[in-house]
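On a predicted model such as this, the values are computed, not experimentally measured, just so you know.
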Amino acid sequence: MDDREKRRQFQYAKSLSNDNFWTWMNHIHTKVYALAIEHMTDAMSCHQRISKSMIADVLRKAEEIREMWDGMKTITVDDSVKKDFRTADEIILGLTPTEGAIYRLEKETVIQIVGRDFLVVPIPSKEGKADENN
């Protein structure tokens, strides 16, 4: 999206009433959720041991979890702001967002916490990446 399109979308959002704005936002969140499902489907189809029926089972279960467990028949802003974004590394390795940010560092970096600077230096493993066990 170029700057002109961004300005047009911003002007559109400013022209909406409060109710119409939230309806529009819920529509956008639903589209984003659909894109996430598409990403999940594409990622699963890249693995040769995951069959089409297994992908369908996972998608059905994800829908069940959304509707039955989380009570989200439709996706709304209120539902989506309850969850923090977590990267795959954070989910798989059980990392906090701070640990995830540090884990992804590939070169020497200065991190500032409450006005204090900390130098973080990843120690490369034999393969040239940070050791996954530390």
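- Taking the side chain as every heavy atom from C-beta outward, L35 and H39 approach each other to under 4.5 Å.
- Interatomic distance, CG of L95 versus CZ of R104, reported as 8.5 Å (0.5 Å rounding).
- Residue pairs meeting the ring-ring contact (aromatic ring centres under 6.0 Å, His included) criterion with at least one partner in residues 5-26, sequence neighbours excluded, are Y12-W24.
- Connection of V114 to L119 is not established within any shared hydrophobic cluster, with ILVMFWY side chains joined at heavy-atom distances below 4.5 Å, either directly or through further cluster members.
- Here M25 contributes atom CE and L16 contributes atom CG; the two are 10.5 Å apart, rounded to the nearest 0.5 Å.
- Residues I65 and M54 do not share a hydrophobic cluster, clusters being chains of Ile/Leu/Val/Met/Phe/Trp/Tyr side chains in contact below 4.5 Å.
- Proximity of a side-chain donor or acceptor of T109 to a complementary backbone N or O of K107 within less than 3.5 Å is detected.
- Here E5 pairs with M1, D2, R8, Q9 under the side chain to side chain contact (heavy atoms under 4.5 Å, CB included) rule; sequence neighbours left out.
- Here D57 contributes atom CG and I55 contributes atom CD1; the two are 10.0 Å apart, rounded to the nearest 0.5 Å.
- When every heavy atom of L105 is checked against every heavy atom of P122, the shortest pair comes out as O-CG, 3.6 Å.
- Grouping the Ile, Leu, Val, Met, Phe, Trp and Tyr side chains by contacts below 4.5 angstrom, directly or via other members, places F118 apart from V110.
- At a threshold of 4.5 Å between non-hydrogen side-chain atoms, the residues V58 and M44 count as touching.
- Linking ILVMFWY residues whenever their side-chain heavy atoms come closer than 4.5 Å, directly or via other members, places I102 and I113 in the same cluster.
- Distance check, rounded to the nearest 0.5 Å: CD1 of I111 to OG1 of T98 gives 8.5 Å.
- With a 6.0 Å radius and a threshold of 12 heavy atoms from other residues, nucleotides or ligands, E106 has its CD atom at or below the threshold.
- The cluster map of Ile, Leu, Val, Met, Phe, Trp and Tyr, joined by side-chain heavy atoms under 4.5 Å apart, puts Y103 and I92 in the same cluster.
- Nearest approach of T96 to E90, heavy atoms of both residues: O-CG, 4.0 Å.
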>> For L93 and E99: C-alpha separation, side-chain torsions, deciding distance, then whether side-chain contact (heavy atoms from CB on, under 4.5 Å) applies.
In response: CA-CA 10 Å; L93 301 173; E99 291 170 333; over 6 Å; no
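- Shown here are the salt bridge (Lys or Arg N to Asp or Glu O under 4.0 Å) partners of E38, two or more places apart in sequence or in another chain: there are none.
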